Asker: 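Encoded as structure tokens, here's the structure I'll be asking about.
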Amino acid sequence: MSDIQQGASDQQSEKRERRLAELFDIRTVIGALFAIYGIVCLITGIADFSTADQAKSDGININLWSGIGMVIVAALFIVWSIAKPFRPPETHD
Amino acid sequence: MEIGFPALEGSVLRINAAPIDYVLVAIYFAIIIGIGLISRRGVSSSLDFLLAGRRLPAWVTGLAFMSANLGATELLGQAANGAQYGEQAFHYYWVGAIPAMVFLGLVMMPFYYGSKVRSVPEFLHRRFNRTTQRIQAVLFAVASILLAGVNLYAMAIVVNALLGWPTWVAILVAAVFVLAYTFLGGLSAAIYNEVLQFFVIVAAMIPVTIVGLHRVGGWNGLVSKISAQPGGHQLLTPFPGSQLTGITSSVGSIIGVVAGLGFVTSFGYWTTNFTEVQRAFSAGDAGAAQRTPLIAAIPKALVALVIIIPGMIATVLIPAVSGLKKGAAAGGITYNDVVPLMLRELLPNGFLGVALTGLLASFMAGMAANVSSFNTVFTYDIWQDWIKPNMPDAHYLNVGRIVTVLATAAAVGTAFIAAGFNNIMDYIQTLFSFFNVPLFAVFILGLFWKRMTGTAGWTSLITGTAGAVVVFILNQVGVLNLPGQGSSFLGGAVACVLVVIVALIVSARTKPKSDEELVGLVRSVTPKADTTVAVKVWYQSPILLAAVSLGLVIFFYIFFSLR
């Protein structure tokens with residue numbers, strides 16, 4: 001009985017480990033950061049493209065386009081991390 | 001060299017950041033420090049694996065490798081080079097980095113990985129002797145503090161541009177900020193930060209390059225406007241690079257670029273810079289370790305475009321920088337200010353925050369790396385191993401904490417030295433010639449020549465370093481007269497020659513180690529089987545990866561020379 005319990009808790013901690021590893025996967029972190037930055041810039045670009053900014057950038061809406069770009073990059077990283085999840089290798093030596 | 005405040009008066013360079021920019025900066029540091037704090041609260045096992053991680057796939061170590069190299073000092077310094085030397089600055093990447101990275105991957109990595117050499121101090125101890133290891137530890141400690149000062153000064157440039165504080169206040173505040181970040185976030189924050197800052201910087205520089213080019217009328221517009229400047233046409237071709245080397249003869253200058261920058265400085269940097277090489281060691285197997293620098297070389301070849309070209313654009317777009325070209329008083333502006341000036345010139349609030357985040361994050365990463373490597377070397381190699389051995393662990397932990405504070409304080413001092421240079425890349429190259437080049441020469445000799453003795457190790461290291469310092473001093477006092485970065489190239493070359501000469505003379509008079517002692521340390525006595533790497537899939541072929549990055553370099557050189 002205790003062996004079975006032991007096995008179950010091992011499995012649980014293994015599951016927890018794996019979820020943490022996936023959460024802290026650098027691709028997930030990059031994806032999350034660029035998603036936030038992309039959305040903020042995108043909204044700023046749509047809401048506010050002042051004449052001063054237009055003069056600075058020769059009429060290119062930098063916030064809008066870089067926002068779109070960063071959202072795409074974020075999506076790529078997140079898709080990558082889901083498609084090829086990061087598995088901690090077995091710890092036996 | 002004039003040490004003082006290159007006073008950027010508040011009004012000269014002010015970036016008008018809005019609340020939204022500060023919010024974006026704050027989000028970034030909240031994420032980084034959050035990761036650091038969570039990792040402390042007992043969920044460490046999986047994190048340990050990720051961070052210190054052995055058995056990592058090549059794409060992770062490749063990311064870490066290239067991120068560790070592109071810091072903000074490189075961004076500011078190379079953009080400054082782009083403004084000052086134009087297309088000649090491309091040599092830093094295409095001669096100065098890619099061939100050495102390929103060499104590291106193809107030749108050195110299999111050997112490192114197979115021979116179980118895991119750090120420079122360890123190698124020096126086992127290959128030579130304790131004295132060599134300790135001398136290197138002291139030299140390395142000094143170098144770390146000097147480089148930490150460069151990062152701190154660079155960070156102060158940005159704080160100054162944001163808030164208009166005088167340089168010395170900005171340096172002090174930046175130091176306190178870095179210290180708080182180091183203690184709060186710890187190692188894990190530092191490592192995530194290092195990778196993230198790379199992506200943020202690249203994300204920021206691509207629009208700066210594109211919009212900047214658009215403003216000056218595209219690439220052709222840039223070319224015609226630069227050639228209209230005095231001496232401009234020389235900056236529009238990478239070779240012979242006379243402004244960069246300070247050598248007027250074309251042939252001499254090309255030799256200077258290839259020998260000084262290509263072989264001496266950059267091979268010295270890439271093959272012995274263990275902060276970066278260490279990233280490759282955490283790879284899963286010898287093949288992944290070998291691919292790490294080869295994978296990193298490809299983005300490295302490309303990233304030159306979005307760093308050097310904005311520097312060139314600045315000379316056309318920003319009157320203060322073109323004034324600098326003509327030797328006019330630029331109101332306290334130096335080439336180091338090119339990046340903040342470009343951000344102010346082009347970016348709207350919002351995206352400006354992203355760019356500022358990239359800059360601030362990478363100074364933090366650079367400075368934290370310098371301080372922590374100083375800490376490690378001082379606490380373990382100097383204090384524990386040498387000055388005060390056999391104390392309880394708590395003692396060394398305390399020493400480590402105190403050293404972190406002292407190192408930061410010392411970096412404030414060295415930041416003012418960095419502030420005395422008009423172009424921080426000149427300064428960084430000088431430091432490389434003092435510290436990296438002699439070490440590289442000793443390292444390579446030790447690796448390939450089994451007759452070299454322990455005494456030869458430390459005597460040649462000291463002589464080489466002294467030689468580079470003497471060249472620097474001679475150039476400062478005017479005995480030599482090399483402008484640009486010629487003095488550090490010459491210093492590096494002199495250091496190399498001295499190391500070889502001293503090693504030959506001293507080895508001839510002292511007793512070498514036996515072959516058995518040198519297995520795994522010297523190439524000729526290490527079994528071939530230990531250093532052979534198997535390739536499983538065609539796209540993992542090291543030769544293919546090397547060919548891609550070298551092919552890019554050749555393509556770019558042809559493009560920029562023939563245009």
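This one's a predicted model, so the numbers in the text were calculated from it and none came from an experiment.
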Asker: Is chain A contacted by the side chain of L346(B), its backbone, both, or neither, given a heavy-atom distance below 4.5 Å?
Answerer: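 Looking at L346(B), backbone and side chain both touch chain A.
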Asker: Check whether F34(A) gets within reach of chain B through its side chain, its backbone, both or neither, counting any heavy atom under 4.5 Å.
Answerer: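 Interface part for F34(A): side chain.
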Asker: Does R215(B) reach the main-chain N or O of K56(A) with its side chain, forming a donor-acceptor pair under 3.5 Å?
Answerer: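 Answer holds: yes.
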Asker: What distance separates L352(B) CG from I62(A) CD1, expressed to the nearest 0.5 Å?
Answerer: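 Here the rounded value is 10.0 Å.
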Asker: So, does N63(A) use its side chain to make a donor-acceptor pair with the main chain of N349(B) at under 3.5 Å?
Answerer: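 Side chain of N63(A) to backbone of N349(B): a pair is present.
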Asker: Could you look at S57(A) and say if it's the side chain, the backbone, both or neither that has a heavy atom under 4.5 Å from chain B?
Answerer: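 For S57(A), the contact with chain B is made by backbone and side chain together.
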Asker: Indicate yes or no: at least one non-hydrogen side-chain atom of V200(B) is less than 4.5 angstrom from one of L33(A).
Answerer: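 Touching, per the 4.5 Å side-chain cut-off.
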Asker: Given a strict heavy-atom distance threshold of 4.5 Å, which part of A52(A) is in contact with chain B: side chain, backbone, both, or neither?
Answerer: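 No part of it gets close to chain B.
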Asker: Drop me the distance from I20(B)'s CD1 to D48(A)'s CG, to the nearest 0.5 angstrom.
Answerer: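 Going from the CD1 atom of I20(B) to the CG atom of D48(A) covers 9.0 Å.
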Asker: Working to the nearest 0.5 Å, report the span between CH2 of W65(A) and CD1 of I210(B).
Answerer: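 If we round to the nearest 0.5 Å, W65(A):CH2 and I210(B):CD1 are 11.5 Å apart.
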Asker: Taking every heavy-atom pair that is under 4.5 Å apart, which of G353(B), P348(B), G350(B), P207(B) has the most such pairs with chain A?
Answerer: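 Of the candidates given, the most pairs with chain A belong to P348(B).
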Asker: Under a 4.5 Å heavy-atom cut-off, does chain B meet the side chain of I36(A), its backbone, both or neither?
Answerer: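 Only the side chain of I36(A) comes within 4.5 Å of chain B.
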Asker: So how far is it from F351(B) CZ to D53(A) CG, rounded to the nearest 0.5 Å?
Answerer: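 Between atom CZ of F351(B) and atom CG of D53(A) there are 13.0 Å.
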Asker: To check you understand the geometry: which heavy-atom pair defines the closest contact between V354(B) and C41(A), and what is its length?
Answerer: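 Distance-wise, the nearest heavy atoms are CG2-SG, 3.9 Å.
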